[in-house]
A.B. asks: 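Encoded as C-alpha cells, here's the structure I'll be asking about.
Computed from a prediction, not measured in an experiment: that's the story for all the values here. As a basis for the values below, the full set of heavy atoms in this structure was taken, side chains included, without hydrogen atoms, waters or symmetry mates.
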Amino acid sequence: MEIICIGNELLIGKTLNTNAQWLAKRATSLGIVVKRITVVGDDVEEIASAVREALGRKPRFMITTGGLGPTFDDKTLEGIAKAINRNLELNEKALEMVRKKYEEYAKAGKIGAVEMTHYRVKMAKLPQGAEPLPNPVGTAPGVRLRIGNTDLIALPGVPSEMEAIFDEYIANLLRKEAGDVTFFETSIYADNIMESSLAPLIDITMHDNPYVYIKSHPRGAEKKPHIEIHLSTTAKDSKTAKDRLGKAIIQLSELIKEKGGKVKLKE
C-alpha cells in the first residue's frame, strides 16, 4: 500500500502530518504492508505526478488524504483525473450526498437556506468511473476508483472525517485483502548499551527469527543510552505471534545482558 498526503500546510510545517501516522498504523494493524508515504502540495501537476508514479509501482491500495473540499486549493481529484487521463464529471450520487449534508446543516440551524453553489457542487465532481463514499462526519465524500489491480481511495484531510470514512468503508477491504493475517507488536527497553553495540545483536536475532521485525529507537542521551526496541510480526493467531515475539525477546535479552546491558519489559 502507498499513502499520498496532499496539502501545502504539510510541506511548510504548519500542520503535523498525523493522517499519515494514523493511516500507516491502522493499515499495519490490519495486516497490510505500507511501502511508501509521499507528501505533495496543492498543485495539480504535483498530485498527478505522484499518483502516476505510485500507479507505476502497482500497489494493491493507494490512499490519498486532503484536497477534497470546496475551495480553490482543493485539487486532489483534478490531479487524480489528470494522472489517469480521465475527465472530472458531476456524479449524481455524490451530489445527493453533498446536498443531504447541507440540508442537515440547515435543519440544525448551522446555515440558512440550502443553495447548491458552484463551490459545493465542486465536491461532487469525480473522475469518470469513481464511486463516492459517504462522509459520516463532514461534507465532502470520499472517493474510490479501481485502476488495474489498484484500489485508489481519496479521503478528506480533516482527521475525524478521514478516520470515519476509513473505518466505515476501507478497513474491511484491507482486512479482506490481508486474509487472516494480523499484526502484533510489543516493546522492550535496553539500558547501558549503545545503539551501535545493539545493532549486531538485533541482526543476529532477526536472522534466527525470520518472521519477526526488530527496530531500535533511542530515547536517552549518548552518555546514558536508553533504547526502546520494538518487535513486530504478522500471524494468523495470537498464540503464534506471542510465541514468535517471546522467543525473539528471550534471545535478544540474553545477548544484551552478555554485553553488560539491562533489559526491561514495556509496562
A.B. asks: So, Ser187 versus Glu228: side-chain donor-acceptor pair below 3.5 Å or not?
C.D. replies: yes
A.B. asks: Decide yes or no for Phe166 and Leu174: does some side-chain heavy atom of the first lie under 4.5 Å from some side-chain heavy atom of the second?
C.D. replies: yes
A.B. asks: Would Val33 end up clustered with Ile214 when hydrophobic side chains under 4.5 Å apart are linked, directly or stepwise?
C.D. replies: no
A.B. asks: Kindly indicate, with the supporting measurements, whether the criterion side chain to side chain contact (heavy atoms under 4.5 Å, CB included) is fulfilled by Val212 and Met206.
C.D. replies: CA-CA 6 Å; Val212 177; Met206 286 184 65; 6.0 Å; no
A.B. asks: Using distance only, find each side-chain donor-acceptor pair of residues 121-133 under 3.5 Å and give its atom names and separation, not counting sequence neighbours.
C.D. replies:
residue : atom : partner : partner atom : Å
Lys122  : NZ   : Gly69   : O            : 3.0
Lys122  : NZ   : Thr71   : O            : 3.3
Lys122  : NZ   : Asp74   : O            : 2.7

A.B. asks: Answer with yes or no whether the hydrophobic clustering places Ile204 together with Ile256; edges join I, L, V, M, F, W, Y residues whose side-chain heavy atoms lie under 4.5 Å apart.
C.D. replies: yes
A.B. asks: Can you see which heavy atom on Pro200 is nearest to which on Ser196, and at what distance?
C.D. replies: CD-O, 3.3 Å
A.B. asks: Side chain to side chain contact (heavy atoms under 4.5 Å, CB included), that's the test. Do Asn19 and Ile3 meet it? Break it down for me.
C.D. replies: CA-CA 10 Å; Asn19 283 352; Ile3 299 168; over 6 Å; no
A.B. asks: By the ring pair (Phe, Tyr, Trp, His ring centres under 6.0 Å) test, which pairs, at least two apart or in different chains, include something from residues 31-75?
C.D. replies: none
A.B. asks: Just wondering, are more than 12 heavy atoms of other shown residues or ligands nearer than 6.0 Å to OH in Tyr105?
C.D. replies: yes
A.B. asks: Rounded to the nearest 0.5 Å, what separation is found between the CD1 atom of Ile80 and the CZ atom of Arg52?
C.D. replies: 12.0 Å
A.B. asks: When hydrophobic residues are tied together by side-chain contacts of less than 4.5 Å, even through go-betweens, does Ile153 share a cluster with Leu55?
C.D. replies: no
A.B. asks: For Tyr213, what residues pass the ring-ring contact (aromatic ring centres under 6.0 Å, His included) criterion, not counting sequence neighbours?
C.D. replies: none
A.B. asks: Taking the six-membered ring of Tyr102, is NZ or CZ of Arg120 closer than 6.0 Å to its centre and within 45° of its axis?
C.D. replies: yes
A.B. asks: Would you mind listing the cluster partners of Val39? Hydrophobic ones only (ILVMFWY), side-chain contacts under 4.5 Å, chaining allowed.
C.D. replies: Leu10, Leu11
A.B. asks: Please report the interatomic distance OG1(Thr38) to CD1(Ile6), rounded to the nearest 0.5 Å.
C.D. replies: 10.0 Å
A.B. asks: Where is the tightest heavy-atom contact between Ala190 and Ile229, given as atom of each residue plus distance?
C.D. replies: CB-CD1, 3.9 Å
A.B. asks: For Gly142 and Ile165, which heavy atoms make the closest approach, and how far apart are they?
C.D. replies: N-CD1, 3.8 Å
A.B. asks: Testing Thr233, Asn209, Thr234 for side chain to side chain donor-acceptor pair (under 3.5 Å) with Arg244, which one passes?
C.D. replies: Thr233
A.B. asks: Whether Glu96 and Lys93 form a salt bridge (side-chain N of Lys/Arg under 4.0 Å from carboxylate O of Asp/Glu) is what I want to check.
C.D. replies: no
A.B. asks: Looking only at atom types and distance, does a side-chain atom of Thr205 sit under 3.5 Å from a main-chain N or O of Leu201, one as donor and one as acceptor?
C.D. replies: yes
A.B. asks: With the 4.5 Å side-chain cut-off for hydrophobic clustering, are Ile250 and Ile227 part of the same group?
C.D. replies: no
A.B. asks: Do side-chain atoms of Asn135 reach the backbone of Ala140 as a donor and acceptor pair under 3.5 angstrom?
C.D. replies: yes
A.B. asks: With a 4.5 Å heavy-atom cut-off, do Ile193 and Pro225 have their side chains touching?
C.D. replies: no
A.B. asks: Verify side chain to side chain contact (heavy atoms under 4.5 Å, CB included) between Lys259 and Ser197, making sure each step is shown before the conclusion.
C.D. replies: CA-CA 8 Å; Lys259 295 291 183 179; Ser197 300; 5.9 Å; no
A.B. asks: Measure across Pro141 and Leu68 and return the closest heavy-atom pair with its distance rounded to 0.1 Å.
C.D. replies: O-CD1, 3.6 Å
A.B. asks: Please check if atom NZ in Lys75 has more than 12 non-hydrogen atoms from other residues, nucleotides or ligands closer than 6.0 Å.
C.D. replies: yes
A.B. asks: Report the distance from atom CD1 of Ile32 to atom CZ of Arg175, rounding to the nearest 0.5 Å.
C.D. replies: 10.5 Å
A.B. asks: Taking all non-hydrogen atoms of both residues into account, name the closest pair between Val114 and Ala106 and its distance.
C.D. replies: CG2-CB, 3.7 Å
A.B. asks: So do the side chains of His217 and Lys215 get within less than 4.5 Å of each other, counting heavy atoms only?
C.D. replies: yes
A.B. asks: Provide the closest heavy-atom pair for Ala27 versus Val34 in the form atom of the first, atom of the second, distance.
C.D. replies: CB-CG2, 4.0 Å
A.B. asks: Could you tell me whether the side chain of Glu104 reaches within less than 4.5 Å of the side chain of Lys101, counting heavy atoms only?
C.D. replies: yes
A.B. asks: Are the side chains of Glu89 and Asn87 in contact, using a 4.5 Å heavy-atom criterion?
C.D. replies: no
A.B. asks: Quick one: name the residues clustered hydrophobically with Tyr211, using the 4.5 Å side-chain heavy-atom rule over I, L, V, M, F, W, Y, and just say none if it's on its own.
C.D. replies: none
A.B. asks: Is the shortest distance from a Lys or Arg side-chain nitrogen in Asp243 or Lys247 to a carboxylate oxygen in the other one below 4.0 Å?
C.D. replies: no
A.B. asks: Hey, any chance Trp22 and Met1 share a hydrophobic cluster, counting ILVMFWY side chains that come within less than 4.5 Å of each other, even indirectly?
C.D. replies: yes
A.B. asks: Quick one: NZ on Lys58 to OG1 on Thr150, what's the gap to the nearest 0.5 Å?
C.D. replies: 9.0 Å
A.B. asks: Look up atom CD1 in Ile63 and atom CG in Leu23, then write down how far apart they are to the nearest 0.5 Å.
C.D. replies: 5.5 Å
A.B. asks: How long is the gap from CG on Leu155 to OH on Tyr169, to the nearest 0.5 Å?
C.D. replies: 12.0 Å
A.B. asks: In sequence, state the C-alpha distance, the side-chain angles, and the governing distance for Arg36 and Arg57, and then conclude on side chain to side chain contact (heavy atoms under 4.5 Å, CB included).
C.D. replies: CA-CA 10 Å; Arg36 189 177 301 230; Arg57 291 185 285 271; 3.4 Å; yes
A.B. asks: Would you check if Ile170 and Arg26 make a side-chain contact, meaning some heavy-atom pair closer than 4.5 Å?
C.D. replies: no
A.B. asks: With sequence neighbours excluded, what pairs up with His230 under the ring-ring contact (aromatic ring centres under 6.0 Å, His included) test?
C.D. replies: none
A.B. asks: Taking the side chain as everything from C-beta on, heavy atoms only, tell me whether Glu78 gets closer than 4.5 Å to Ile47.
C.D. replies: no
A.B. asks: Any side-chain heavy atom of Leu145 sitting closer than 4.5 Å to one from Arg86?
C.D. replies: yes
